[in-house]
K.L.:
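Sharing a structure here in structure tokens format.
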Amino acid sequence: MDKGVKIGQVAKKYHLSIDRIYFYINYGLIVPPRPQGQYYFDVKTIQDLEFILHLKSLHFSLKEIHKILSLYRVS
């Protein structure tokens, strides 16, 4: 798909609630494109989500994950 997948498909694939994904968006952990008002998850956004889930599995806090992602994005 050119523009990516919808939030519901991502939630189902990664066994996350849609509310949890919105929390990650509002917290600034993931920044999916939003053409025509709907979030779409492109390859980059999916990679970020997978990285977040990996860091969570290593018991990093969301605050720590946010710092790691911020450093990663500016470098």
Side-chain angles (χ1 to χ4, degrees):
M1 285 179 211
D2 289 339
K3 58 183 172 181
V5 295
K6 293 182 180 181
I7 195 168
Q9 294 168 299
V10 173
K12 186 174 180 178
K13 179 177 180 178
Y14 292 96
H15 307 288
L16 298 168
S17 70
I18 292 175
D19 288 340
R20 173 60 54 183
I21 294 174
Y22 278 122
F23 178 80
Y24 290 163
I25 292 168
N26 293 329
Y27 198 71
L29 294 175
I30 52 176
V31 187
R34 197 173 178 186
Q36 301 173 353
Q38 278 194 335
Y39 288 113
Y40 283 94
F41 286 69
D42 57 8
V43 173
K44 176 67 177 129
T45 308
I46 294 290
Q47 288 172 342
D48 286 348
L49 178 60
E50 289 174 349
F51 187 51
I52 291 163
L53 296 175
H54 176 69
L55 291 174
K56 280 187 57 142
S57 76
L58 297 173
H59 305 289
F60 282 92
S61 71
L62 290 181
K63 187 176 181 179
E64 292 168 324
I65 293 170
H66 192 273
K67 286 180 182 179
I68 292 167
L69 284 173
S70 295
L71 290 170
Y72 178 74
R73 289 177 179 146
V74 298
S75 65

K.L.:
Quick check on the hydrophobic clustering: are L58 and I68 connected, directly or via other members, by side-chain heavy-atom contacts under 4.5 Å?
P.N.:
yes

K.L.:
Looking at every heavy atom in both L29 and L69, which two are closest together, and how far apart are they?
P.N.:
O-CD1, 3.4 Å

K.L.:
If you measure from CG on L53 to NE2 on H15, what distance do you get to the nearest 0.5 Å?
P.N.:
10.5 Å

K.L.:
Write down the atom of L62, the atom of Y27, and the distance for their closest heavy-atom approach.
P.N.:
O-CE2, 3.6 Å

K.L.:
Check the side chains of T45 and D48 for a donor-acceptor pair under 3.5 angstrom, ignoring hydrogens and angles.
P.N.:
no

K.L.:
Rounded at 0.5 Å granularity, tell me how far CD1 in I46 sits from CG in L49.
P.N.:
6.0 Å

K.L.:
Which heavy atom of K6 sits nearest a heavy atom of F41, and at what distance?
P.N.:
C-CD1, 4.4 Å

K.L.:
Any idea which heavy atoms bring S17 and R20 closest together, and the distance?
P.N.:
OG-N, 2.9 Å

K.L.:
With a 4.5 Å limit on heavy-atom distance, are the side chains of D19 and F23 in contact?
P.N.:
no

K.L.:
Using every non-hydrogen atom in the two residues, find where I18 and G8 come nearest and quote the distance to one decimal.
P.N.:
CD1-CA, 4.2 Å

K.L.:
Is the count of non-hydrogen atoms from other residues, nucleotides or ligands lying under 6.0 Å from K44 atom NZ greater than 12?
P.N.:
yes

K.L.:
Determine the minimum heavy-atom distance between P33 and D42, stating which atoms define it.
P.N.:
CG-OD2, 3.5 Å

K.L.:
Do Y22 and V31 sit in the same hydrophobic cluster, where Ile, Leu, Val, Met, Phe, Trp and Tyr count as joined when their side-chain heavy atoms come under 4.5 Å apart?
P.N.:
no

K.L.:
Rounded to the nearest 0.5 Å, what separation is found between the CG atom of N26 and the CD1 atom of I21?
P.N.:
12.0 Å

K.L.:
How long is the span from the CD atom in E64 to the NZ atom in K56, to the nearest 0.5 Å?
P.N.:
12.5 Å

K.L.:
With rounding to the nearest 0.5 angstrom, report the CD1 to NE2 distance, I65 to H54.
P.N.:
10.0 Å

K.L.:
Would I7 and Y40 satisfy side-chain contact (heavy atoms from CB on, under 4.5 Å), going step by step from the backbone distance to the final call?
P.N.:
CA-CA 6 Å; I7 195 168; Y40 283 94; over 6 Å; no

